[in-house]
There are 2 protein chains.
Amino acid sequence: MLGDRRPPLAPMVRKLMLWKKLSTDEQEAVLLLPYRLARLEPGDYIIKEGALAEQSCLLLSGFAYRQKLTQDGARSISAIHMKGDIVDLQNALLGCADHSVQALTTADVAFIPRDVIVELAFRFPRVGLAMWYDTLVDASIFREWILNIARRDAQARIAHLICEFGVRLETLGLGDRSSYEFPMTQEQLADATGLTSVHVNRSLKELELRGLITRTVRYLVVGDWAKLQRAGEFDDAYLHLRRSETFMLN
Amino acid sequence: MLGDRRPPLAPMVRKLMLWKKLSTDEQEAVLLLPYRLARLEPGDYIIKEGALAEQSCLLLSGFAYRQKLTQDGARSISAIHMKGDIVDLQNALLGCADHSVQALTTADVAFIPRDVIVELAFRFPRVGLAMWYDTLVDASIFREWILNIARRDAQARIAHLICEFGVRLETLGLGDRSSYEFPMTQEQLADATGLTSVHVNRSLKELELRGLITRTVRYLVVGDWAKLQRAGEFDDAYLHLRRSETFMLN
DNA sequence: CGCCGGTTTGAGTCCATTCAAGAGGAGTGG
DNA sequence: CCACTCCTCTTGAATGGACTCAAACCGGCG
């Protein structure tokens, strides 16, 4: 890593290094990407469904989520993103956004032109592979969410999401998996699990009653990680965090 | 295209050309990839969850599906694949399979070593981009399925899946969107929509009663495409088939 | 002919929803 | 400092869409 004060894009390097070891040259190339900083407030759009996506967006702080709507306005949240996530690579590469991405909390972001990213990906194949991996891991999470929503009951769905959130926070060095600030409202939690906010409320209470979690305002403590994990059938394999070196090419 | 008798990997070229125009050189490079052919029977595994994925798999004929299981054996199908789909790029690049892929019907496949694919992707960036796009479109479909399962009722979910299937068949030149052979059992349809097979049966009957579809054994006729589309809230934007050239880089 | 996987149908149940109303907290403005 | 609003959370009661359990049906095939 470059020794000096953290350059703005450092979280991106950190994220990519989860997927692939990068040389100093490669890291530097990422850090030198041109960008435009912006501060977003909750609900602000990073990209709106149907719009042209000409830039990618890196989350530097705060949280964001992906959402789609049905005709009659019912909402589905398909992903939560945190610091270091390259939030809009998917829309940017595809061109036309098939879903919206919005700030969940106050958030700092860096917009990076799409073609610069693509150019970098092919000038430094290992960086490109890391970015490709990153989008593939996102896809893996989508698959797990499909299973979660399709085949688990309310409590398990919520427990699963809480576990995933904790593990991802911890991986990024943003906190402890068993005690963290939880930024979602119950309504958002409902839209991420395919439930109604009313039922999420009741289910959370049940989980609390069973001693699996404790809640205070927007803050969550996992009382018994093992039990919560079992309740949510959570197995972090799908996050692909423990990549044995055998798999890493080059 | 190479003028002679269809080379085995031609479906892959056709699929990639959906996402990006490729030069003769690039096409030829794809066709010259080393491969191993195999014929699979329904239920045969292309890759099993938890296994090491060292090769990618191209579907040459027939259908395949991705699935995950819960602890107690409930199944979730997260994708259906057809001729030309590069079915296992996701697992192969990630190394450890986070889900299984199985043949839905009798199917011919070509296994291609992972490193050869990666090498090709970076030797011919436009081919690489096309492959990257392909995995991103898969991800887009996952997002739509999340919405489908989370926020639509049984009839709409099924109608949506039927529409998607038809459009994709038609795009690949495998049939007509409003009349095709439908390879899934009602149980598989249930696992793809987060329902039970009993309820799928009843919902199909309802759709038939409303005049939207007609069924005979494993064959499906869409009586009124516009109505079915409305019933399933189907908008094919998420399939990214109409890529305006503006978005295509290089 | 009889098995077997898939489809169909019925009856009863339940998990999650809907509708509705109240409580708590944060922010705003008089 | 209190009144007022807005948003989120909480709780109750009634409803309903989808599930479970169970049995019968059907067509293909050995």
Side-chain angles (χ1 to χ4, degrees), chain A residues 41-43 65 70 72-77 102-106 148-161 181-210 213-220 231, chain B residues 41-44 63 65 70 72-77 102-106 148-161 181-210 213-220 231:
Chain A
E41 293 307 318
Y65 61 94
T70 59
D72 49 325
R75 179 171 68 163
S76 165
I77 291 180
Q102 287 173 263
L104 177 60
T105 61
T106 302
N148 200 40
I149 293 171
R151 288 290 180 240
R152 290 201 261 257
D153 68 18
Q155 286 185 47
R157 287 185 213 181
I158 295 170
H160 190 280
L161 189 145
E181 204 170 327
F182 191 73
M184 302 174 78
T185 66
Q186 293 181 6
E187 177 135 25
Q188 290 162 340
L189 193 41
D191 290 334
T193 49
L195 301 164
T196 56
S197 61
V198 171
H199 199 57
V200 163
N201 182 284
R202 294 193 233 269
S203 303
L204 279 173
K205 211 170 49 170
E206 293 277 336
L207 289 175
E208 208 164 7
L209 219 87
R210 290 167 62 190
I213 58 171
T214 322
R215 297 170 297 148
T216 56
V217 206
R218 289 292 157 81
Y219 198 89
L220 205 148
Chain B
E41 292 308 318
D44 284 356
F63 298 89
Y65 61 94
T70 59
D72 49 324
R75 177 171 69 164
S76 165
I77 291 181
Q102 288 172 263
L104 177 61
T105 61
T106 301
N148 200 40
I149 293 171
R151 289 288 180 241
R152 290 200 261 257
D153 68 18
Q155 286 184 49
R157 287 186 214 181
I158 295 170
H160 190 279
L161 189 144
E181 204 170 327
F182 191 74
M184 302 174 77
T185 66
Q186 292 181 6
E187 177 135 26
Q188 290 162 339
L189 194 42
D191 291 334
T193 49
L195 301 164
T196 56
S197 61
V198 171
H199 199 57
V200 163
N201 182 282
R202 293 194 233 268
S203 303
L204 279 173
K205 210 170 51 169
E206 293 277 336
L207 289 175
E208 208 163 7
L209 218 88
R210 290 165 62 190
I213 59 170
T214 322
R215 297 170 297 148
T216 56
V217 207
R218 288 295 156 81
Y219 198 89
L220 204 149

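Letters go in sequence order (proteins before strands), and every chain restarts at 1.
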Whole angstrom value for the distance that separates P of dC15(C) from CZ of R152(A): 18 Å
For T106(A), side chain to side chain donor-acceptor pair (under 3.5 Å) partners two or more places apart: E41(A)
Any donor-acceptor pair under 3.5 Å from T105(B) side chain to F63(B) backbone: yes
With a 3.5 Å distance limit and no angle check, can you tell me whether R151(B) reaches the backbone of A74(A) through a side-chain donor-acceptor pair? no
If only atom types and distance count, is the side chain of Q102(A) paired as donor or acceptor with the main-chain N or O of Y65(A) below 3.5 Å? no
Between CG of D191(A) and P of dC9(D) the distance, given in whole Å, is 12 Å
Rounded to the nearest 0.5 Å, what separation is found between the CD1 atom of I213(A) and the CD atom of E206(A)? 11.0 Å
Closer than 3.5 angstrom, by distance alone: can the side chain of R157(B) be matched with the main-chain N or O of R152(B) as a donor-acceptor pair? yes
Contacts of type side chain to side chain contact (heavy atoms under 4.5 Å, CB included), residue R210(B), not counting sequence neighbours: Q155(B), L207(B), L212(B), A231(B)
Qualifying residue for side-chain contact (heavy atoms from CB on, under 4.5 Å) with V200(B), from D191(B), I158(B), T185(B): I158(B)
Between CG of L195(B) and C1' of dG16(D) the distance, given in whole Å, is 15 Å
Inspect the surroundings of CD in E181(B) and state if more than 12 heavy atoms from other residues, nucleotides or ligands are less than 6.0 Å away. no
d(CZ, F182(A); C1', dC9(D)) in whole Å: 14 Å
Return the angle between end axes of the helix from dC1(C)-dG30(D) to dG30(C)-dC1(D), with five pairs used per end and rounding to 10°. 30°
Mind running a 4.0 Å heavy-atom check of residues 153-161 of chain A against DNA chain C and sending the residues that fall below it, in number order? D153(A), A154(A)
OP1, OP2 of dC19(D) versus side-chain N and O of T196(B): anything below 4.0 Å? yes
Between CD on residue E208(A) and OG on residue S203(A), distance to nearest 0.5 Å: 12.5 Å
Interatomic spacing from CG in L189(B) to CE in M184(B) - rounded to 0.5 Å: 5.5 Å
Protein-nucleic acid N or O pairs under 3.5 Å, nucleotides 7-10 of chain C:
from: dT7(C); atom 1: OP2; to: Q186(B); atom 2: N; distance (Å): 2.8
from: dT8(C); atom 1: OP2; to: Q186(B); atom 2: NE2; distance (Å): 2.6
from: dT8(C); atom 1: OP2; to: N201(B); atom 2: ND2; distance (Å): 2.6
from: dT8(C); atom 1: OP2; to: R215(B); atom 2: NH1; distance (Å): 3.1
from: dT8(C); atom 1: O5'; to: N201(B); atom 2: ND2; distance (Å): 3.2
from: dT9(C); atom 1: OP2; to: K205(B); atom 2: NZ; distance (Å): 2.8
from: dG10(C); atom 1: N7; to: R202(B); atom 2: NH1; distance (Å): 3.2
from: dG10(C); atom 1: O6; to: R202(B); atom 2: NH2; distance (Å): 3.3

Going from CD on Q186(B) to CG on L195(B), what distance comes out if it is rounded to the nearest 0.5 angstrom? 11.5 Å
R151(A) CZ to dC15(C) C1': how many Å, rounded? 15 Å
Figure out the CG/C1' separation between L104(A) and dT8(D), and round it to whole Å. 14 Å
To the nearest angstrom, how far is H199(B) atom NE2 from dA11(C) atom P? 17 Å
NE2 on H199(A) to CG on D153(A), rounded to 0.5 Å: 8.0 Å
Each nucleotide in nucleotides 25-30 of chain D should get exactly one letter: B, S or -. Can you fill that in based on protein heavy atoms under 4.0 Å? ------
